[in-house]
Chemist: 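Below you will find the structure I want to go over with you.
If you read the sequence from its start, that first residue is 1, and numbering goes on from there.
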Amino acid sequence: MALDPASTQPLSPTTDDLPFYNHEPYPIVPLGWAIIIAATIVGSILLTVSPMADLQGVASLVPAILFAVVPLIALALVSHGHLNTLFRPYGLAALGRSVFFAVTTMILSSATALALQFFMTFAVNPVIDVLAVAGPFDIALFMLRTFIQLIGEEVVTILPLLAVMWTCYTKFGWGRRASLAAGILVSTVWFCSLHLPTYDWNLIQCFVVIGISRLVLTWSYIRTRNLWVSAGAHIINDWSLFAISFAGSHMPIGT
């Protein structure tokens, strides 16, 4: 369903294409895309390297919230409120898709890690050690924080994908497929780069193992046009890995 470019009416949930790259449902100008990219960078800084990143307890929710919300506020401003183009209805069918893509992510990334373990040493996410000694309240807080943060990770990955796609499609005259491929490549590299400090700057771990996971999650958004699906898959994947690590650290040794 095409809309008048000047229209501010919401995009129909049945529209079967990625938003914004071709000026629909609302034409975002170059300055608007620059604002969106700047907002994703600001949100990432607030989460990772700003003084806010060291907040503890309930206050630790603040950088996670800003990480997710700042880019969305930017998008809402420059697109005149067309956020529903990213977040479509989420019911049991969408949950099933999240589970499918989460399982696919775990299988492919685990297979890759198993193949690479003979040639390299993997860095351990430091949160695993924190969870091993965490109490019930801290675990609940951790789950809430990661729930918000993982939604944010999808936001700060998909928005750059659409920005690159828009640039290639409207400014370079590339076709849709080539523009989408460029968007996937750039957004995957960006996402993997965000994980470098967490995994001790292990390039292979971040750009190969995590990169494969990212490609599956990105495909879940492209396939469904619903960021809730990719966020759900991301949450299920990460929580499952954290749960396995937590259970392993609390497993009794010996008999």
Chemist: Might you point out which heavy atoms bring V155 and P71 nearest each other, and give the distance in Å?
Modeler: CG1-CB, 3.8 Å
Chemist: Taking I184's backbone N and O only, do any of them form a donor-acceptor pair with S187's side chain (distance below 3.5 Å, no angle check)?
Modeler: yes
Chemist: Would you say R176 has more than 12 foreign heavy atoms packed within less than 6.0 Å of its CZ?
Modeler: yes
Chemist: Would the distance check show the side chain of N202 and the main-chain N or O of M120 forming a donor-acceptor pair, the cut-off being under 3.5 Å?
Modeler: no
Chemist: What is the distance from atom NE2 of H234 to atom OG1 of T146, rounded to the nearest 0.5 Å?
Modeler: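 So the gap between those two atoms works out to 10.0 Å.
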Chemist: Report yes if some heavy atom in the side chain of V127 is under 4.5 Å from a heavy atom in the side chain of F142; otherwise report no.
Modeler: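 Side chain of V127 against side chain of F142, heavy atoms only: contact under 4.5 Å found.
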Chemist: Running the 4.5 Å side-chain criterion over Ile, Leu, Val, Met, Phe, Trp and Tyr, what cluster does L46 land in, apart from itself?
Modeler: V42, M52, L55, V62, L66, V70
Chemist: Rounded to the nearest 0.5 Å, how far apart are CG of L217 and CG of L150?
Modeler: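 The distance works out to 9.5 Å.
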Chemist: Does one hydrophobic cluster hold both L108 and F207, with members joined at side-chain heavy-atom distances below 4.5 Å?
Modeler: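 No, no single cluster joins them.
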Chemist: Are any non-hydrogen side-chain atoms of L162 and L18 less than 4.5 angstrom apart?
Modeler: yes
Chemist: Considering non-hydrogen atoms only, spot the tightest contact between Y221 and T85 and give its length.
Modeler: OH-O, 4.2 Å
Chemist: When you measure from the side chain of H80 to the backbone of A76, do you find a donor-acceptor pair of N or O atoms at a distance under 3.5 Å?
Modeler: no
Chemist: Side chains of T188 and C192: does their closest heavy-atom pair fall under 4.5 Å?
Modeler: yes
Chemist: If I take atom CG from residue L61 and atom CD from residue Q149, how far apart are they, to the nearest 0.5 angstrom?
Modeler: 11.0 Å
Chemist: Using only heavy-atom distances, determine whether the side chains of S98 and Y90 contain a donor-acceptor pair under 3.5 Å.
Modeler: yes
Chemist: Report whether V156 and L47 are members of the same hydrophobic cluster (ILVMFWY, side-chain heavy atoms less than 4.5 Å apart, transitive linking).
Modeler: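 Linked within one cluster.
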Chemist: Give a yes or no on whether I210 and W201 share a hydrophobic cluster (residues Ile, Leu, Val, Met, Phe, Trp, Tyr; joining criterion: side-chain heavy atoms under 4.5 Å apart).
Modeler: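 Not linked; separate clusters.
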Chemist: Considering residues, nucleotides and ligands other than I148, do more than 12 of their heavy atoms fall under 6.0 Å from its CD1?
Modeler: yes
Chemist: Do the non-hydrogen side-chain atoms of V209 and I204 ever get within less than 4.5 Å of each other?
Modeler: no
Chemist: Does the side chain of W166 come within less than 4.5 Å of W33's, by heavy atoms?
Modeler: yes
Chemist: Quick one: does I37's side chain get under 4.5 Å of P160's, heavy atoms only?
Modeler: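 Yes - at least one pair of side-chain heavy atoms lies under 4.5 Å apart.
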Chemist: L203 vs L196, test: side chain to side chain contact (heavy atoms under 4.5 Å, CB included). Steps then yes/no.
Modeler: CA-CA 7 Å; L203 295 176; L196 284 170; 3.8 Å; yes
Chemist: On a heavy-atom basis, which atom in M106 and which in S240 lie closest, and how many Å separate them?
Modeler: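 Distance-wise, the nearest heavy atoms are SD-CB, 3.8 Å.
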Chemist: Given L161 and V186, is the side chain to side chain contact (heavy atoms under 4.5 Å, CB included) satisfied, shown in steps?
Modeler: CA-CA 7 Å; L161 184 155; V186 173; over 6 Å; no
Chemist: For side chain to side chain contact (heavy atoms under 4.5 Å, CB included), just list the numbers for F191 and T218, CA-CA rounded to whole Å, side-chain angles, deciding distance to a tenth of an Å, and then say yes or no.
Modeler: CA-CA 11 Å; F191 177 84; T218 296; over 6 Å; no
Chemist: Roughly how far apart are L241 CG and T105 OG1, rounded to 0.5 Å?
Modeler: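 One finds 9.5 Å between CG of L241 and OG1 of T105.
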Chemist: Would you mind checking if E154 and R214 are paired as a salt bridge, meaning a charged N to carboxylate O distance below 4.0 Å?
Modeler: yes
Chemist: Is a donor on one side and an acceptor on the other found under 3.5 Å between the side chain of N226 and the backbone of P89?
Modeler: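 Indeed, once roles are kept as given, a pair shorter than 3.5 Å links the two residues.
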Chemist: Are the side chains of P25 and P19 in touch, meaning some heavy atoms are under 4.5 Å apart?
Modeler: yes
Chemist: Could you go step by step and tell me if T157 and W190 meet the side-chain hydrogen bond (donor to acceptor under 3.5 Å, both in side chains) rule?
Modeler: CA-CA 7 Å; T157 302; W190 161 247; 5.3 Å; no
Chemist: If you measure from OG on S230 to CG on L86, what distance do you get to the nearest 0.5 Å?
Modeler: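 If I round to the nearest 0.5 Å, the distance is 9.0 Å.
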Chemist: What's the shortest heavy-atom distance between F101 and V216, and which atoms?
Modeler: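 Closest approach of F101 to V216, heavy atoms only: O-CG1, 3.7 Å.
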Chemist: Got a donor-acceptor contact below 3.5 angstrom from the R145 side chain to the S60 backbone?
Modeler: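 Side chain of R145 to backbone of S60: a pair is present.
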Chemist: Applying the 4.5 Å side-chain criterion to the ILVMFWY set and letting contacts propagate, would I151 and W239 be lumped into a single cluster?
Modeler: yes
Chemist: Is any side-chain heavy atom of H82 less than 4.5 Å from a side-chain heavy atom of E24?
Modeler: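 In short, these two side chains do not touch, never coming nearer than 4.5 Å.
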Chemist: Checking Q56 side chain against D54 main chain: does a donor-acceptor pair fall under 3.5 Å?
Modeler: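 Answer holds: yes.
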Chemist: Could you tell me the separation between the OH atom of Y21 and the CD1 atom of I28, rounded to the nearest 0.5 Å?
Modeler: 13.5 Å
Chemist: Please find out if less than 6.0 Å separates the ring center of F122 from that of Y199.
Modeler: no
Chemist: I'd like to know whether CG of L92 has more than 12 heavy-atom contacts from other residues, nucleotides or ligands below 6.0 angstrom.
Modeler: no
Chemist: Are more than 12 heavy atoms, taken from residues, nucleotides or ligands other than F147, located less than 6.0 Å from that residue's CZ atom?
Modeler: no
Chemist: So, Y169 versus W174, ring centres under 6.0 angstrom or not?
Modeler: no
Chemist: Give me the atom names and distance for the closest heavy-atom approach of V49 to A53.
Modeler: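 Nearest heavy atoms, V49 then A53: N-CB, 4.2 Å.
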Chemist: When you look at V208 and L116, which way does the side chain to side chain contact (heavy atoms under 4.5 Å, CB included) test go after all the steps?
Modeler: CA-CA 10 Å; V208 178; L116 291 174; 4.0 Å; yes
Chemist: Under 4.5 Å between side-chain heavy atoms, counting indirect links through other Ile/Leu/Val/Met/Phe/Trp/Tyr residues: same cluster for L194 and V164 or not?
Modeler: no
